[in-house]
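For reference, the structure discussed in these notes is given below.
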Amino acid sequence: MASDSNGGGIGEELEQQVHESPFHPMEQFEVRQIGNVDIFIFGLDLSFTNASLWMVISAVVATGFLLFAMRGSAIVPTRLQVVAEGLYGLVASMVRDNVGNEGRPFFPFIFTLFVFILFANTLALIPGSFAVTAQIVVTFLMAILIFVTVTVIGFMRHGWHFFRFFFPEGAPAWTAVILIPIEVVSYLSRPISLSVRLFANMTVGHVLFKILAGFVILLGVVGGILPLAVLVGITALELLVAVLQAYVFTILTCVYLHDAIHMH
Amino acid sequence: MKGPGDQEDLRSLEVRLEAARQRHRGEQGKPRRLIDSNGAAAGFRVAVDLISGLAVGVAIGIVLDYWLGTSPWCLILFFFLGSGAALMNVIRTAKSLEAERKRRLEEGEKG
């Protein structure tokens, strides 16, 4: 009991610190309501927050960019058109290599997923913006959506045969007692690892930004040069991480789709 | 002037076209460029696989114990199953990373 209340105290204290200090490294992840329009649906607080705003911005910027880049659809493409076609080609080859021809119907979904995460990740690098993909709710919702969809596709394609997926071919029958539960747990861990990977990468990067930026302010004009230099380097690294994690998230979606369609 | 040069141009066009068609059919898998371009990303992938397997196992164990009132047996059982699943995840990830590396090496020897 005592430890319980103690733990709550520390949590509250931490929360208060986060609220009070704009320099706290976790302050940037706080979800705040925008405006004072409360939207409650079935008792759920669905008010418009900064997270919602930046998801809308990501979607709008991504759509706007693609539409603007492809407005000419010239045979000899403009620079932006090359970028847009490059994105298309990247995802198309990803789907082709990892899922095969059966993956074509899912291309729009996977392309949307990739572009949305890519823009959410990279827009989060703009100072003062909000890192949507550093919210576990957001990444987990995407992961669980993919997980459920892929499982449904698996059952639609193979019916009850899909359960064979949980038993590796060629293993002796008696090992089923151990292997099937292990495979099931491994399968269930997919949405967790998928969402945590993206979430953790983004969170770590942004905490690092904030801490290093804090050093720059604390050390002043002369001493702050070193952390500022490091910050510049980290920014480049984070740009790589943002693109890489969007890529990894998408490629793993492809791999899961492949498993559901081909079963190994 | 029309001459053998035209023929050569046509032939090289043919070769390039065929290569493009093959790529399109997906017979030559293009190497995935980004995925293990740095070791930290690969390491992170493996770490997350390891933790998520174990976490899901333990979570299932705790929930089952709560429902069935069998504390702590389900937790113990699913702790081990989760460890197994974690290892399975890691082996699978390692295999795919290794396959990729090999493919890229072969690709490098050719090109």
Side-chain angles (χ1 to χ4, degrees), chain A residues 89-90 92-104 118 139-140 143 147 166 168 175 177-201 204-205 237 240-252 254-256 258-259 264, chain B residues 20-61 63-64 74 77-93 95-97 99-100 103-104 107:
Chain A
L90 181 75
S93 76
M94 199 165 17
V95 174
R96 201 168 47 231
D97 290 350
N98 291 293
V99 195
N101 269 330
E102 293 91 335
R104 290 222 172 146
L118 182 69
T139 57
F140 188 69
F147 177 75
F166 297 117
T175 53
V177 191
I178 311 165
L179 281 181
I180 289 177
I182 287 181
E183 285 288 336
V184 170
V185 172
S186 165
Y187 189 73
L188 290 176
S189 76
R190 279 174 168 189
I192 311 282
S193 60
L194 190 59
S195 57
V196 167
R197 189 175 298 115
L198 178 58
F199 154 77
N201 268 294
V204 165
L237 182 72
L240 175 73
V241 168
V243 177
L244 188 75
Q245 287 307 317
Y247 186 80
V248 168
F249 196 96
T250 322
I251 210 152
L252 283 172
C254 290
V255 169
Y256 296 162
H258 172 271
D259 283 352
H264 292 297
Chain B
R21 275 196 204 112
Q22 284 226 334
R23 256 204 317 277
H24 189 72
R25 275 186 233 119
E27 284 170 13
Q28 297 178 312
K30 237 165 122 193
R32 296 176 221 158
R33 279 149 298 179
L34 278 166
I35 202 153
D36 62 344
S37 61
N38 66 46
F44 199 84
R45 239 181 105 180
V46 170
V48 169
D49 276 336
L50 197 64
I51 292 164
S52 69
L54 194 57
V56 168
V58 167
I60 292 174
V63 169
L64 280 185
C74 281
L77 176 67
F78 275 90
F79 173 80
F80 286 111
L81 290 179
S83 310
L87 282 179
M88 212 76 132
N89 283 347
V90 170
I91 290 168
R92 235 173 246 143
T93 307
K95 262 187 191 160
S96 78
L97 288 175
E100 211 138 298
R103 202 165 59 171
R104 276 176 40 177
E107 203 76 22

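Chain letters run A, B, ... following the sequence lines, proteins first and then strands; every chain starts at 1.
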Enumerate donor-acceptor pairs with a distance under 3.5 Å from any side-chain N or O in residues 77-84 of chain B to protein atoms, sequence neighbours excluded.
| residue | atom | partner | partner atom | Å |
| --- | --- | --- | --- | --- |
| S83(B) | OG | F79(B) | O | 2.7 |

Check your understanding: Which one, V196(A), L188(A), V241(A), leads in non-hydrogen pairs under 4.5 Å with chain B?
Key -> L188(A)
Practice item. Look at V56(B), I60(B), L87(B) and state which one has the largest set of heavy-atom pairs under 4.5 Å with chain A. Key: V56(B)
Exercise for review: List for me each residue that meets ring pair (Phe, Tyr, Trp, His ring centres under 6.0 Å) alongside F147(A), sequence neighbours excluded, and say none if there are none.
Suggested key: Y187(A)
Point to revise | Short side-chain donor-acceptor distance under 3.5 Å, N89(B) and S189(A) | key: yes
Check your understanding: At what distance, to the nearest 0.5 angstrom, does CD1 of I51(B) lie from OG of S193(A)?
Key -> 10.5 Å
Exercise for review: Side-chain contact test, heavy atoms from C-beta onward, threshold under 4.5 Å: evaluate it for R197(A) versus D49(B) and give yes or no.
Suggested key: yes
Review point. Out of curiosity, S96(B) OG to L252(A) CG, how far, rounded to the nearest 0.5 Å?
Key: 8.0 Å
Check your understanding: Which region of L179(A), side chain (C-beta onward) or backbone (N, CA, C, O), has a non-hydrogen atom less than 4.5 Å from a non-hydrogen atom of chain B, or is it both or neither?
Key -> side chain
